[in-house]
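Atom set for the values below is all heavy atoms of this structure, side chains included, hydrogens, waters and symmetry mates excluded.
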Amino acid sequence: MTRDSLRIGWDEYFMLLAKLAACRSTCLSRPTGAVLVKGRQVVATGYNGSVPGGVHCIDEGECYRRRLGATDAEKLSWCRASHAEANAVAQAARRGVAVDGTTLYTTLSPCFSCAKLIASAGIERVVYEHLYESANPDRDKHWSDTLKEADIETTQLTVSALSIERALDFLRSDTSKRRLKSA
């Protein structure tokens with residue numbers, strides 16, 4: 001086994017970072033994480049959650065829009081969370097970091113609104129883990145059509161079990177402990 005075969009590939013690495021960002025999500029319905037990358041460097045991260053200083057569904061123990069009885073068609077109008085992709089773009093903007101030419105790694109395919117934001121921001125590639133799978137299949141189609149029209153490459157990626165185990169090995173242990181015996 002070569003040394004490089006022990007390393008996680010770049011796409012899986014950045015998707016694992018997006019999955020890690022999702023653990024900060026305050027959404028009870030679909031915790032989602034996103035990472036913007038340019039030149040193999042992280043530009044910004046985001047996760048879905050309420051605006052800074054706002055009340056979070058995870059703290060209240062129930063989904064705000066479901067408590068209001070919002071229908072599936074109304075959910076984007078009544079959800080108090082900003083999406084992970086939008087938050088990643090917003091974090092970059094707050095720091096004055098350009099996202100033009102970046103790749104977006106996200107644990108959930110973008111909604112139509114986020115697809116428009118992605119195209120307008122100049123993001124060149126979207127790598128997603130799961131399809132959104134809404135109750136309205138036509139809605140799911142619009143995000144991908146929008147990105148195709150804007151000539152943005154999309155790739156669905158499932159992190160391999162081997163890469164997940166490799167990452168878990170590091171998460172479970174002290175990562176900087178000496179591996180080889182001293183001479």
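- In this structure the side chain of Leu104 never reaches within 4.5 angstrom of the side chain of Val127, judged on heavy atoms.
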Next item on the list: Just do the side chain to side chain contact (heavy atoms under 4.5 Å, CB included) check on Arg30 and Leu108 with the steps written out, would you?
Entry: CA-CA 9 Å; Arg30 293 184 193 225; Leu108 188 62; 3.8 Å; yes
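- With a 4.5 Å cut-off on side-chain heavy atoms, Thr102 and Val37 do not count as touching.
- Ring geometry, Trp143 versus Tyr128: the interplanar angle exceeds 60°, so the pair is classed perpendicular (tilted spans 30 to 60°).
- In this structure, Pro110 and Ile118 have side chains that are in contact, with non-hydrogen atoms separated by less than 4.5 Å.
- Criterion: ILVMFWY side-chain heavy atoms under 4.5 Å apart, direct or through other members. Under it, Val159 and Val42 are part of a common hydrophobic cluster.
- Note on Val35: it clusters hydrophobically with Ile8, by side-chain heavy-atom contacts below 4.5 Å among ILVMFWY residues.
- A distance-only check finds no donor-acceptor pair linking the side chain of Ser25 to the backbone of Cys23 [under 3.5 Å].
- One distance of note links CD of Glu85 with OH of Tyr47; it measures 14.5 Å at 0.5 Å rounding.
- Residues Arg125 and Asp151 are not paired through a salt bridge, judged by the lack of any N-O separation under 4.0 Å between the basic side chain and the carboxylate.
- Taking the six-membered ring where tryptophan is involved, the planes of Tyr13 and Trp10 are perpendicular, since the angle between them exceeds 60° and thus also 30°.
- Across all their heavy atoms, Ile152 and Glu124 have their closest contact at CG2-O, 3.4 Å.
- A salt bridge is defined here as a Lys NZ or Arg NE, NH1 or NH2 lying under 4.0 Å from an Asp or Glu carboxylate O, and Arg80 with Glu60 meets this definition.
- Of all the heavy atoms in Gly46 and Ala21, the pair that sits closest is O-CB, 3.8 Å.
- Asp11 places no side-chain N or O within 3.5 Å of a backbone atom of Leu157 that could act as its donor or acceptor partner.
- Rounded to the nearest 0.5 Å, atoms NE2 (His83) and OG (Ser113) are 7.5 Å apart.
- Between Leu36 and Thr103 there is no side-chain heavy-atom pair separated by less than 4.5 Å.
- When the shell of 6.0 Å around CZ of Arg94 is examined, it contains 12 or fewer heavy atoms from other residues, nucleotides or ligands.
- Side-chain heavy atoms closer than 4.5 Å link hydrophobic residues (I, L, V, M, F, W, Y) into clusters, and following such links, possibly through other members, connects Val89 to Val97.
- Judged by distance alone, with hydrogens and angles left aside, the side-chain atoms of Lys148 form no donor-acceptor pair with the main-chain N or O of Thr154 at under 3.5 Å.
- Not one N or O on the side chain of Arg172 forms a donor-acceptor pair closer than 3.5 Å with the backbone of Ala167.
- In this structure, Thr32 and Ala22 approach most closely via the heavy-atom pair C-CB, 3.6 Å.
- Note that the OH atom of Tyr105 and the CD atom of Glu12 stand 10.5 Å from one another [nearest 0.5 Å].
- Taken to the nearest 0.5 Å, the CD1 atom of Ile123 stands 6.5 Å off from the CG atom of Leu117.
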Next item on the list: Walk me through it: do Arg66 and Ser29 pass the test side chain to side chain contact (heavy atoms under 4.5 Å, CB included)?
Entry: CA-CA 10 Å; Arg66 287 193 174 121; Ser29 181; 3.4 Å; yes
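- No hydrogens or angles considered: nothing links the side chains of Glu129 and Thr107 as a donor-acceptor pair under 3.5 Å.
- No donor-acceptor distance shorter than 3.5 angstrom exists from the side chain of Asn48 to the backbone of Ala81, with no hydrogens or angles considered.
- Ser50 and Thr26 get closest at one heavy-atom pair: N-OG1, 3.6 Å.
- Note that CG of Leu20 and CE of Met15 are 13.0 Å apart. Values are rounded to the nearest 0.5 Å.
- Between the CZ atom of Arg24 and the OG1 atom of Thr45 there is a distance of 9.5 Å, given to the nearest 0.5 Å.
- In this structure a side-chain-to-backbone donor-acceptor pair under 3.5 Å is missing from Thr106 to Ser109.
- If you chain together hydrophobic residues whose side chains sit under 4.5 Å apart, Leu131 and Phe112 never meet in one group.
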